[in-house]
Structures are given as C-alpha cells and as structure tokens.
Amino acid sequence: MRILDAVNPTAKDHIVEIGPGQGALTDALARHAQTLTLVELDRDLVKRLQRRYEAHEHVQIVSADALTVDFAALGESLRIVGNLPYNISTPLLFHLRASARRTVDMHFMLQKEVVDRIAATPGSKHYGRLSVMLQCCFDTLSLFDVGPEAFDPPPKVNSSVIRLTPKDAVDPMTQTAAFADLVLQAFSQRRKTIRNSLRQQLSIAQIIAADVDPGARPETLSVQDFARLSACGTADSE
C-alpha cells in the first residue's frame, strides 16, 4: 500500500486517522503505531471500529465530525493521515492549520485538482488562496497520483497523495485574520490587478511600500508578498 509506505509509521508514533471508514488503512497503522486515534463521523462505522479494536488499548476512537475536533488537544507530535472526503477537504485543511505546531506531518489522499492547488507555485494556473493559506504553514509535496480504478466504486475523478510538513518558522502575520481576509479578497477577483482587487483595503502607496507591483495579479505573488501587504495594511490601521 503506497500511502502506508509514504507515511512509514513507527512504534514511537501517535497517528491520527481521519475517516478510517471500513479500515482499509487502519489495520496496518494499528500494527505499527504506538498510539492510533481514529476520527469517524458515521455512527455505524464507529460501532464496527469499536468492536474491531476493543482489545487494542492503544487505539482510541473519536466519534465526531473532523471539522469540530480540536486536533491540537489530542496530543503532541501528531502524524495525521486520511482519505479526506472531497466535499469537506478544503474547510478541513483550513481547520487543520491550527494544529500545525502539534504535528510532525500530514498525509492525505485528495482529489488531484485539490493537491495541484495546494502544491502550486506562484505564476501557475493552479496557484490560489488554498496554496497561500497552506504554504504559509506547511512545506507541501505531491507524492503520487491514484487512478479511479483503485477504488470501489471508482470515482469520476483522479486522486493524489500529498505530504504536508509544518514549517520550522512561520511568519506570525500569516496567522492573523487580516492576512486571511486579504488573501480571500485578492483571489475573489483573481484576474484583476492587486491595485483593483484590494482597493478597499490598501492604497497604491501601501502596496508599493510592501515592495509589490500594484499592477501584479494575485496569482503571481508569493506568500511573503501577501504577508508584507497584510503588514502594511495592519500597521496603517493602528
């Protein structure tokens, strides 16, 4: 199983699996991890998991919506794994940003389009809000693609597995609501220049002070560019 090889669990790990479902990956994780926490919403699946692992003291089951779970409260040095539901993958990834400092790494299977967006570089067609908001916290690496034939029933989309590794140093500005609001506004009108898309938040003088070209489009700006723009806006509002 390639995703297991990518995670490469060890006997020292506390692994958190989001959405174990029928347990295709769970058994292997349970054999290797020191502690395994399973987060599952479906109550019927929770009952099955409880029966399957009732004799395994190192397996904990959290019956909850992953979007409501405080992952940072589960422990330290977490390794988070999951085949994330396509319909909640983006909000869940945003939710997991708050747990980055308690995390060693994260491995997720996602719709390929989502992985392409997460790992995109400035100037590429896939680069956008999701790229900026995750890359400010994580180093991202797309590992491999998974075709529809790997699933039963096969989905109508291709999937990919990505590794997210928390950055050693994170700019505090990128963790603020002001930064998130600015990035959201910039990419809500991505074909417009920064001068126009952020005209309600920043003056041309502020954009220039942030060492950003007012005529640039948002998809050409780096995470650091957005951090400087946010800092200029925040400083002048104080």
Side-chain angles (χ1 to χ4, degrees), residues 1-111 114-115 118-119 134-135 137-146 150-151 159-168 170:
M1 188 178 294
R2 293 182 71 187
I3 189 168
L4 183 66
D5 291 339
V7 176
N8 191 25
T10 73
K12 297 181 179 179
D13 291 337
H14 181 176
I15 296 179
V16 178
E17 184 182 10
I18 300 173
Q22 301 291 341
L25 180 63
T26 313
D27 284 345
L29 294 175
R31 287 195 299 271
H32 292 87
Q34 181 181 61
T35 303
L36 176 61
T37 301
L38 308 177
V39 179
E40 177 58 60
L41 174 62
D42 188 299
R43 292 183 180 179
D44 290 335
L45 291 176
V46 167
K47 291 178 181 178
R48 294 183 191 177
L49 292 167
Q50 288 172 336
R51 290 194 296 268
R52 180 182 296 187
Y53 297 109
E54 62 181 351
H56 297 74
E57 294 183 356
H58 71 299
V59 178
Q60 309 164 353
I61 300 174
V62 177
S63 178
D65 183 341
L67 287 169
T68 68
V69 173
D70 180 1
F71 287 88
L74 297 178
E76 298 184 356
S77 301
L78 303 176
R79 305 192 67 198
I80 304 179
V81 182
N83 181 0
L84 302 188
Y86 295 155
N87 60 323
I88 67 164
S89 60
T90 296
L92 183 52
L93 289 166
F94 274 70
H95 177 61
L96 287 166
R97 278 172 28 105
S99 307
R101 293 183 180 180
R102 292 292 190 101
T103 306
V104 175
D105 55 26
M106 303 183 187
H107 290 81
F108 297 126
M109 185 180 295
L110 298 158
Q111 187 173 343
V114 176
V115 169
I118 294 171
L134 292 183
Q135 290 178 25
C137 300
F138 301 98
D139 292 321
T140 65
L141 180 62
S142 177
L143 298 177
F144 54 87
D145 297 337
V146 182
F151 302 90
S159 303
S160 294
V161 173
I162 190 168
R163 177 184 293 138
L164 305 178
T165 307
K167 292 181 178 293
D168 292 332
V170 175

Is a donor on one side and an acceptor on the other found under 3.5 Å between the side chain of [X] and the backbone of [Y]?
| X | Y | result |
| --- | --- | --- |
| Glu40 | Asp42 | yes |
| His107 | Val161 | no |
| Arg102 | Gly75 | yes |

Looking at [X] and [Y], what are the two nearest heavy atoms and their distance?
| X | Y | answer |
| --- | --- | --- |
| Ile18 | Ile80 | CD1-CG2, 3.7 Å |
| Leu38 | Thr26 | CD2-CG2, 3.6 Å |
| Leu4 | Ala28 | CD2-CB, 3.6 Å |

Exercise. Between the side chains of Gln60 and Thr35, does any donor sit under 3.5 Å from an acceptor?
Worked result: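 Absent: no donor and acceptor within the cut-off.
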Would you say that [X] contacts [Y] through its side chain, given a criterion of any heavy-atom pair below 4.5 Å between the two side chains?
| X | Y | result |
| --- | --- | --- |
| Leu164 | Ile118 | yes |
| Val39 | Phe71 | yes |
| Val7 | Asp13 | no |
| Arg52 | Asp27 | yes |
| Phe138 | Asp105 | no |
| Tyr86 | Val114 | no |

Problem set entry | Of all pairs that satisfy side chain to side chain donor-acceptor pair (under 3.5 Å), the ones with a partner from residues 63-77, not counting sequence neighbours |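 For residues 63-77: none.
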Exercise. For Val16, which of Val69, Thr103, Leu78 qualifies under side-chain contact (heavy atoms from CB on, under 4.5 Å)?
Worked result: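 Filter result, single survivor: Leu78.
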Exercise. By salt bridge (Lys or Arg N to Asp or Glu O under 4.0 Å), which residues pair with Arg163, not counting sequence neighbours?
Worked result: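 So Arg163 forms no salt bridge (Lys or Arg N to Asp or Glu O under 4.0 Å) with any residue.
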Problem set entry | His56 and Tyr53 aromatic ring geometry - parallel, tilted or perpendicular at 30°/60° bounds |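 Plane angle over 60°, so perpendicular.
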Problem set entry | Heavy atoms from other residues, nucleotides or ligands near NZ of Lys167 exceed 12 (cutoff 6.0 Å) |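 Yes.
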